[in-house]
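As structure tokens, the structure follows; a few thoughts come after it.
Keep in mind the model is a prediction, meaning the values are calculated, not measured. Note: hydrogens, waters and symmetry copies are ignored here, and every other heavy atom, side chains too, is used. All chains are named by letter (A, B, ...) in the order of the sequence lines, taking the proteins before the strands, and each is independently numbered beginning at 1.
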Amino acid sequence: MRAALSNPYFLYMLGAFGLLAIGFWMVLSSRNLIKIILGLNIAESGVNLFLVVLGYIKGKTAPIFTSAKIGANSMVDPLPQALVLTSIVIGVSVTALALALIIKVYEKNKTLDIAEIKNLRG
Amino acid sequence: MRKTLYGILLLLFFWYMMKFVNYLPKSPVLQGKGVSNYYLQNDKKDTAAANVVTAIVVNYRGFDTLGEVTVLFLAMTGLLAVLMGLKTERGKLTEASLILRAGTRLIIALIFAYGIYIFVHGHLTPGGGFPGGAVIATGIFLLYASFKDYSLNRTWSVILESFSGMGFVIVGFLGLLKGKSFLYNFLPKGTMGHLLSAGVIPVIYILIAFKVASELGALVSQMMEGEKE
Amino acid sequence: MNLMNVVIFTSVFIMLAAAICAVIFKDLMASLIATMMVSLIVSVLFVFLQAPDVAMTEAAVGAGLTTAIFVIAIRKTSAKGGEEER
């Protein structure tokens, strides 16, 4: 247990999987539509953290040539960081579109409780 | 009752995932093999960009960035179509307090200058087009929140967004004409670390930043005040 | 158990506590502020993981613009609206 806790990979993975589980819990057990979208946001932060941890190597530095002394052999993996950059922007656009749909649903039904919203057409 | 049942199920899921943490694969850069090792070693020669992540996003994997810009455009189009007849009572709101108005007048030029600095130096320092555009859109939101009768010029926003998107594809086709492939780096490369270096990378990032800033600004404007009659 | 591991453990613990608070709170604005705090601590963890590009994008987009859009949506879908004052 002590060896596991002093390994930084383990701590980061604890955070990433914990956020994923808590985000899913929030999506499954909320009655308000806006809280479901908040849970989706938390789960997406967890997934992005997990992807960046996969590319981390202990003891190496950020992938930018800031001075002449940093060689290409002492950098962390830059490929997961490029993928996570795309993922964050797509996450915000999905959230914005979901909130626009929620505003329209509220204008028709005057409530945000998912037990009360029953009709799918009109 | 249902909430605790879901909580127990997800606790089991979390415990099960944590058992396999030690078996996850390490990055192949440790052994000197793999695609990302090729990007690290050959970035100085192919594109003289100091920021390797920018070189991957714009040059080596530029087609994925084109797909991401398309997804952003589709989401904003859908949002503007859904919120077309939005009713809003912006005229009845009272004026913001004195601290907010005076503070905004002091700091708004610094926010816009910081956003422009982030995306112009995208190939030298961390950042790039996406956070630069987001900072400018947050500045526009601050203007909406402080002044009661501020409104964004929607004509200019639409023109800037369309021409930036078209400019990105035109730069790709120019690379196809002058080189071997779509989005080929055809401008001269220069020395690493200077502002005018890395070929076509700063041009593409400036176009992406204009597109993201005008799109997110139009999003904030539509949600705050609806359309002009 | 050097200093860096203690800092990382504290940050992860605060982040998980904020996420649990976001589930438990009943008020929508309080839940939104807890989500913004999760996004902010994730951005700090990205700096510890030697990824400054991702940290800047997450801070500007996740903890800035997403919270602003949620605030507008919450105001538009509450019963009182915003007719008297901000």
> Checking heavy atoms, do the side chain of C:V23, its backbone, both or neither come under 4.5 Å from chain A?
Replying inline: both
> For A:L99, which of C:I72, C:T77, C:I74, C:I69 qualifies under side chain to side chain contact (heavy atoms under 4.5 Å, CB included)?
Replying inline: C:I69
> Can you tell me how far the CD1 atom of A:I88 sits from the OG atom of C:S39, to the nearest 0.5 Å?
Replying inline: 8.0 Å
> Under a 4.5 Å heavy-atom cutoff, which of A:T95, A:V76, A:L19 has the most pairs with chain C?
Replying inline: A:L19
> So what's closer than 4.5 Å to chain C heavy atoms on A:I103: side chain, backbone, both or neither?
Replying inline: both
> With a 4.5 Å limit on heavy-atom distance, are the side chains of A:Q81 and C:L49 in contact?
Replying inline: no
>> I need the contact set between residues 60-67 of chain C and chain A: heavy-atom distance under 4.5 Å, sorted by residue number.
In response: C:V61, C:T66
> At their closest point, which heavy atom of C:S31 faces which heavy atom of A:M26, and how far apart are they?
Replying inline: OG-CE, 3.8 Å
>> Just verifying a value: how many Å separate C:K26 NZ and A:N32 CG, rounded to the nearest 0.5 Å?
In response: 11.5 Å
>> What's the separation between atom NZ in C:K76 and atom CD1 in A:I102, rounded to the nearest 0.5 Å?
In response: 14.5 Å
> Top residue by heavy-atom pair count (under 4.5 Å) with chain C, among A:V89, A:L14, A:I37?
Replying inline: A:I37
> By number, which residues in residues 6-14 of chain C have some heavy atom less than 4.5 Å away from chain A?
Replying inline: C:I8, C:F9, C:V12
> Going through the distances and angles, do C:Q50 and A:Y56 end up as a side chain to side chain contact (heavy atoms under 4.5 Å, CB included)?
Replying inline: CA-CA 8 Å; C:Q50 315 286 338; A:Y56 175 64; 4.1 Å; yes
> Given that the side chain runs from C-beta out, which part of C:A34 has a heavy atom under 4.5 Å from chain A: side chain, backbone, both or neither?
Replying inline: neither
>> On a heavy-atom basis, which atom in C:E58 and which in A:S45 lie closest, and how many Å separate them?
In response: OE2-OG, 4.0 Å
>> With rounding to the nearest 0.5 angstrom, report the CG to CG distance, A:L11 to C:N5.
In response: 6.0 Å
> If you count heavy-atom pairs under 4.5 Å with chain C, which of A:I64, A:V84, A:T61 comes out on top?
Replying inline: A:T61
> Using non-hydrogen atoms only, which part of A:K110 is less than 4.5 Å away from chain C: side chain, backbone, both, or neither?
Replying inline: neither
>> Rounded at 0.5 Å granularity, tell me how far CG in C:L28 sits from CD1 in A:I34.
In response: 5.5 Å
> With a cut-off of 6.0 Å (strictly less than), are more than 12 heavy atoms of other residues, nucleotides or ligands near CZ of A:F17?
Replying inline: yes
